[in-house]
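Working notes for the structure below.
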Number of protein chains: 2
Amino acid sequence: METRALTARTSTESTRDIPEATVARLPVYLRALTTLCEAGTITCSSEELASAAGVNSAKLRKDLSYLGSYGTRGVGYDVDYLRYQIAREIGVTQDWPVVIVGIGNLGHALANYSGFRSRGFRVVALLDADPNRHEEVVAGVDVRPFDDLEQIVKEHGVAIGVIATPALAAQDVANRMVASGISSILNFAPAVLSVPEGVDVRKVDLSIELQILAYHEQRKTHGATA
Amino acid sequence: METRALTARTSTESTRDIPEATVARLPVYLRALTTLCEAGTITCSSEELASAAGVNSAKLRKDLSYLGSYGTRGVGYDVDYLRYQIAREIGVTQDWPVVIVGIGNLGHALANYSGFRSRGFRVVALLDADPNRHEEVVAGVDVRPFDDLEQIVKEHGVAIGVIATPALAAQDVANRMVASGISSILNFAPAVLSVPEGVDVRKVDLSIELQILAYHEQRKTHGATA
DNA sequence: AGGAGTTTGTGAACGGGAGAACAAACCGAG
DNA sequence: CTCGGTTTGTTCTCCCGTTCACAAACTCCT
């Protein structure tokens with residue numbers, strides 16, 4: 001009778017529906033906590049953690065409150081405990097298999113990026129349409145033909161794909177990924193992807209970021225071009 | 001008596017104070033327009049352009065309205081004219097000199113990325129603290145010692161810097177950049193930078209994007225781990 | 001010239017996130 | 001046990017951004 005049925009979960013814990021803005025900050029908190037942890041810190045206040053993460057302390061506390069009450073009033077948060085809780089909420093307590101398509105300059109860099117491995121992701125395959133690259137071994141993983149995508153996805157249970165191809169190829173790659181069963185895509189190609197309902201796409205665009213900076217930069221020195 | 005005094009500008013054109021969310025979308029429109037232009041399209045409606053950019057048409061129209069009235073009712077927008085207007089508003093009608101610090105995997109990829117050159121940016125220098133790299137030439141630009149930063153910035157009038165170093169070095173690099181006169185920073189290092197008032201920092205974090213995808217992915221297959 | 005059809009530009013309602021401020025809860029000292 | 005100091009969790013308010021809906025404006029056809 002109630003809409004509750006939709007939000008009710010089997011689990012005994014975890015209040016669901018975390019705001020999107022909060023979800024985007026959780027990884028930042030996670031990194032800050034890891035840094036604190038490595039520095040030997042046992043406990044920290046919301047003020048300290050907020051400062052380490054570069055956000056407002058009130059915002060931090062509100063964000064954490066969506067996950068539950070993991071702090072202790074008058075004391076603060078247990079660094080290691082909170083770190084685990086956030087990692088669990090995000091889902092990076094165990095590794096996610098990932099495929100990267102497009103082994104150009106950027107693909108190389110991504111394959112070699114150690115931050116993936118250390119933060120819950122494992123590159124299980126590198127794919128490229130160019131046969132000349134199929135001899136290569138990058139970061140300990142050999143480059144394979146793009147047509148192997150479906151088999152690899154099935155074999156490793158891959159849910160997340162990274163697109164690092166030229167813009168023209170991006171939509172085709174996305175289509176094949178979706179057809180193979182991938183339901184989350186990180187797109188580095190400068191192209192707008194259209195995907196079916198239920199598939200998440202996040203886009204990282206290097207030149208757009210620079211253009212945004214250029215806009216503000218232009219403002220700073222507006223009329224003073226002499 | 002009115003707050004108008006604050007928003008009034010000397011220029012005869014350009015209504016100022018464009019919302020930040022709009023600024024972030026202008027480069028997307030610019031790219032969509034360029035694509036349309038290359039396809040030979042002369043005119044397009046807000047609906048078409050919005051679809052090409054992957055946004056709502058009402059949002060597109062409102063965004064464009066902040067720049068002025070560049071469309072024609074009953075007709076649409078002149079592709080080439082609008083393209084120029086947006087480029088001018090962003091400030092990419094002429095090239096911005098850019099320095100990249102940290103020539104590891106990612107730095108290499110960035111230096112070779114053709115999208116910068118074609119979108120109003122010119123890499124004038126590659127810097128690295130490691131003397132072993134100073135022999136290298138990447139993308140036609142030779143890698144120079146980090147200590148040359150100030151001289152290069154002065155010489156070329158560089159206002160925008162890109163940080164592609166490990167996390168530990170990022171803050172130091174940022175400090176040196178600011179001291180040299182750079183006032184806009186694009187940071188790829190997984191670290192929170194603190195900079196003085198007036199300096200803009202944008203952050204691109206590869207693993208955070210993946211973590212956000214992982215969160216949603218975990219939801220899709222919530223209790224069905226069987 | 002006039003009217004039908006089309007598309008822009010914008011006013012207004014709506015929803016979500018940011019930040020301030022405070023009550024509830026915890027620790028430790030006496 | 002009580003009290004003062006500290007820090008969390010949460011409520012409330014404000015502001016930005018999104019979206020709807022419609023009037024204004026333009027073209028084309030008759």
Side-chain angles (χ1 to χ4, degrees), chain A residues 3 7 13-29 32-33 36 41-79 81-83 85-86 89 212 215-216, chain B residues 3 6-7 13-29 32-33 36 41-79 81-83 85-86 89 212 215:
Chain A
T3 56
T7 59
E13 40 191 324
S14 293
T15 333
R16 298 291 150 175
D17 55 279
I18 297 177
E20 195 53 36
T22 297
V23 171
R25 282 188 294 266
L26 289 181
V28 180
Y29 303 153
L33 285 167
L36 285 174
T41 312
I42 304 297
T43 297
C44 73
S45 69
S46 64
E47 203 77 43
E48 294 174 82
L49 182 53
S51 149
V55 300
N56 185 292
S57 70
K59 197 194 297 192
L60 171 76
R61 288 199 299 277
K62 179 174 280 194
D63 283 342
L64 294 184
S65 76
Y66 290 116
L67 312 188
S69 288
Y70 295 135
T72 308
R73 301 179 189 215
V75 179
Y77 301 92
D78 181 291
V79 173
Y81 180 59
L82 182 58
R83 195 168 75 97
Q85 292 299 339
I86 292 180
E89 190 68 38
I212 295 171
Y215 171 82
H216 294 295
Chain B
T3 55
L6 280 173
T7 60
E13 40 188 325
S14 294
T15 332
R16 299 291 150 176
D17 55 277
I18 297 177
E20 195 52 38
T22 297
V23 171
R25 281 187 295 266
L26 289 181
V28 180
Y29 303 153
L33 284 166
L36 286 173
T41 311
I42 304 296
T43 297
C44 73
S45 68
S46 64
E47 203 77 43
E48 293 173 82
L49 182 53
S51 148
V55 301
N56 186 292
S57 71
K59 198 193 296 190
L60 171 76
R61 287 200 300 276
K62 175 154 279 191
D63 283 343
L64 294 184
S65 76
Y66 291 115
L67 311 189
S69 289
Y70 296 134
T72 308
R73 301 182 188 213
V75 179
Y77 301 92
D78 181 292
V79 172
Y81 179 59
L82 182 58
R83 194 167 76 96
Q85 292 300 338
I86 293 180
E89 190 69 37
I212 295 171
Y215 171 82

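So that the names make sense, note that chain A is the first sequence line, chain B the second, and so on, each numbered from 1.
Applying the 4.0 Å criterion to OP1 and OP2 of dT7(D), one finds that Tyr70(A) has every side-chain N and O outside that range. Between dC20(D) and Arg61(B), no contact under 4.0 Å exists linking OP1 or OP2 to a side-chain N or O. Within the structure, a side-chain polar atom (N or O) of Ser46(A) is placed less than 4.0 Å from OP1 or OP2 of dT8(D). A sub-4.0 Å separation between OP1 or OP2 of dC26(C) and a side-chain N or O of Thr72(A) is absent.
Atom CG in Leu60(B) sits roughly 15 Å away from atom C1' in dG17(D) (whole-Å rounding). The interatomic distance linking Asp17(B) (CG) with dC16(D) (P) rounds to 10 Å, in whole Å. One interatomic measurement links the two molecules: CG of Leu64(B) to P of dT7(C), which rounds to 16 Å at whole-angstrom precision. Remark: P of dG9(C) and CD1 of Ile18(B) are 14 Å apart, rounded to the nearest angstrom. Look at NZ on Lys59(A): it is 19 Å from P on dT10(D), rounded to the nearest Å. The distance from atom OH of Tyr81(B) to atom C1' of dT8(C) is 15 Å, rounded to the nearest whole Å. In this structure, the OH atom of Tyr66(A) is 15 Å from the C1' atom of dT8(D), given to the nearest Å. As a whole-Å value, the separation of Glu47(B) CD from dG5(C) P is 19 Å.
If you check the side chains of Thr22(B) and Asp63(B), you find a donor sitting under 3.5 Å from an acceptor.
The side-chain heavy atoms of Glu20(B) and Ile212(A), taken from C-beta on, include a pair separated by under 4.5 Å. Ile42(A) has its side chain out of reach of Val79(A): every pair of non-hydrogen atoms, C-beta onward, lies at least 4.5 Å apart. When side chains are defined from C-beta on, Ile86(A) counts as touching Leu64(A), because their heavy atoms get closer than 4.5 Å.
Side-chain proximity of Ala21(B) to dG17(D), dG9(D), dG9(C): nearest is dG17(D). Considering only side-chain atoms of Asn56(A), the nucleotide from dA20(C), dT7(D), dA23(D) that sits closest is dA20(C).
Here the two rings, on Tyr77(B) and Tyr70(B), have centers that are 6.0 Å apart or farther.
A donor-acceptor contact under 3.5 Å is formed by the side chain of Lys62(B) with the base of dT19(D). With hydrogens and angles ignored, a donor-acceptor pair closer than 3.5 Å exists between the side chain of Arg73(B) and the base of dT8(C).
Between Ala58(B) and Val75(A), the one whose closest nucleotide on DNA chain C sits nearer the 5' end is Ala58(B).
As judged by a 4.0 angstrom heavy-atom cut-off over every strand, Glu20(B) is placed among residues touching the sugar-phosphate backbone only.
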